[in-house]
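Some notes on the structure that comes next.
Read the numbers this way: they start at 1 and go in the same order the structure lists the ligands and their atoms. The figures that follow rest on heavy atoms only: side chains count, while hydrogens, waters and symmetry mates do not.
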Amino acid sequence: MKFNIITLFPEMFTAIDYGIIGRAKENELISLKFWNPRDYTEDNYHKVDDSPYGGGSGMVMLVKPLQAAIQAAHQANSDPALVVYLTPQGKLLNQELVIELASQKNLILVAGRYEGIDERLTKIEPGIEISIGDYVLSGGELAGMVVIDAVARQLPGVVGDADSVKQDSFSSFTGLLDYPHYTRPEVIDGHVVPKVLLGGNHAEITCWRRKEALGRTWLRRPDLLEKIELTAADRMLLNEFIENIE
Ligand code: 4G0
């Protein structure tokens with residue numbers, strides 16, 4: 001999958017040259033290509049922003065350099081590309097949207113700076129607007145990296161263990177938060193590993209993990225529980241969990 005990134009700061013994306021995503025790049029399962037709007041300016045100052053019409057603080061990104069950068073990215077791709085604007089005004093990113101994006105061959109991620117982008121750009125270069133959460137960042141780059149990481153993990157071969165992708169927290173596979181994990185040693189400062197995990201009874205372990213996933217989701221993210229259908233067995237497990245809370 002190819003990620004085309006429209007940014008004034010391509011160097012920021014070295015932050016994802018590590019771990020699983022770094023390896024996916026090395027193995028050419030994904031590629032990142034950068035298009036800097038400053039390279040598409042036509043004035044002597046290489047101006048990419050200007051003050052807002054109507055007054056007010058801050059700067060707004062000019063349409064023309066962004067438009068030219070997006071068009072150059074489109075022309076470099078033989079397959080059609082989906083344009084994604086990273087903005088706090090966008091649709092909230094969730095695992096379902098991540099999986100949808102992972103079905104694209106080419107994405108053009110537009111990472112704006114300043115107070116945002118001239119509204120007319122999205123009319124001239126249509127696409128979807130995505131937000132990674134209800135907060136403001138100094139630029140769309142960090143949001144773009146979040147999208148790249150989450151989407152790349154869904155591609156075949158990127159995460160070594162395909163099962164772990166399906167088990168992830170928030171996966172639309174389970175719709176639940178993940179169960180708790182433990183590793184050695186068995187006791188840390190008096191805190192023990194739940195006995196069921198040491199017994200080797202895999203049916204019991206599966207059952208316990210399901211109960212913990214249901215219980216944590218009930219405690220921390222009741223909104224997620226309303227989106228999924230619980231089986232009779234799930235309801236029993238959740239009731240047991242609730243009864244055993246100190
Ligand atoms: C466009 C995304 C881009 C408009 C980008 C800001 C947060 C997110 C930017 C704005 C971003 C997010 C109107 C402030 C760059 N901040 N939550 N900053 N405005 O996904």
Side-chain angles (χ1 to χ4, degrees), residues 1-16 18 21 30 32-41 46-74 81-104 106-154 168-172 220-221 223-224:
M1 177 164 186
K2 194 158 152 195
F3 296 94
N4 298 276
I5 302 146
I6 313 295
T7 176
L8 291 169
F9 301 113
E11 297 84 359
M12 285 183 73
F13 288 79
T14 55
I16 52 174
Y18 299 89
I21 306 306
I30 61 166
L32 273 52
K33 197 167 167 55
F34 298 98
W35 308 88
N36 191 333
R38 205 171 300 277
D39 297 337
Y40 296 88
T41 51
H46 302 290
K47 195 167 72 123
V48 292
D49 63 333
D50 206 339
S51 45
Y53 277 124
S57 61
M59 299 294 270
V60 177
M61 287 189 88
L62 296 170
V63 165
K64 281 295 166 190
L66 284 167
Q67 181 189 354
I70 293 168
Q71 279 170 357
H74 270 304
L82 175 65
V83 177
V84 175
Y85 293 95
L86 287 320
T87 154
Q89 272 86 55
K91 178 179 173 176
L92 268 185
L93 186 67
N94 60 20
Q95 198 65 27
E96 190 184 330
L97 182 50
V98 165
I99 288 164
E100 249 176 73
L101 293 174
S103 71
Q104 299 282 327
N106 283 299
L107 289 180
I108 299 176
L109 303 173
V110 184
R113 283 266 143 185
Y114 314 109
E115 271 38 76
I117 297 171
D118 187 312
E119 192 66 23
R120 293 166 295 182
L121 179 65
T122 52
K123 284 20 179 219
I124 298 165
E125 293 295 340
I128 60 172
E129 297 184 33
I130 291 181
S131 165
I132 64 159
D134 292 334
Y135 39 81
V136 176
L137 302 168
S138 309
E141 286 80 4
L142 285 167
M145 285 186 256
V146 166
V147 169
I148 293 166
D149 186 296
V151 169
R153 292 175 56 77
Q154 297 303 317
D168 274 348
S169 276
F170 297 108
S171 83
S172 44
R220 301 180 190 189
R221 291 295 305 277
D223 58 304
L224 292 178

With a 4.5 Å cut-off on side-chain heavy atoms, are [Y] and [X] touching?
X: Tyr40; Y: Gln71; result: no
X: Leu101; Y: Ile128; result: yes
X: Trp35; Y: Ile70; result: no
X: Leu92; Y: Leu97; result: no
X: Val84; Y: Phe3; result: no
X: Val48; Y: Tyr114; result: yes

### Task
Using heavy-atom distances, let me know which of Ile117, Leu86, Val147 sits nearest atom 3 (C) of ligand 1.
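Among Ile117, Leu86, Val147, the closest heavy atom to atom 3 (C) of ligand 1 belongs to Leu86.
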### Query
Which of the listed options, Ser138, Gly116, Ala143, holds the heavy atom that is closest to atom 1 (C) of ligand 1?
Gly116
[atom]: which protein heavy atom is closest, and how many Å away?
atom: atom 18 (N) of ligand 1; answer: Leu137 O, 3.1 Å
atom: atom 13 (C) of ligand 1; answer: Glu115 O, 3.2 Å
atom: atom 20 (O) of ligand 1; answer: Ile132 N, 2.8 Å

For ligand 1, which atoms, with element, lie under 4.0 Å from some heavy atom of [X]?
X: Gly112; value: 15 (C)
X: Tyr135; value: 7 (C), 17 (N)
X: Gly139; value: 11 (C), 15 (C), 18 (N)

### Query
So, the side chain of Asp118 versus the backbone of Met61: is there a donor-acceptor pair under 3.5 Å, distance only?
no
Is there at least one pair of N or O atoms, one from [X] and one from ligand 1, spaced under 3.5 Å apart?
X: Pro88; result: no
X: Ser131; result: yes
X: Gly133; result: yes

### Distance (rounded to the nearest 0.5 Å) between Leu107 CG and Met1 CE
3.5 Å
### Query
Does Gln89 have a non-hydrogen atom less than 4.0 Å from ligand 1?
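Contact present.
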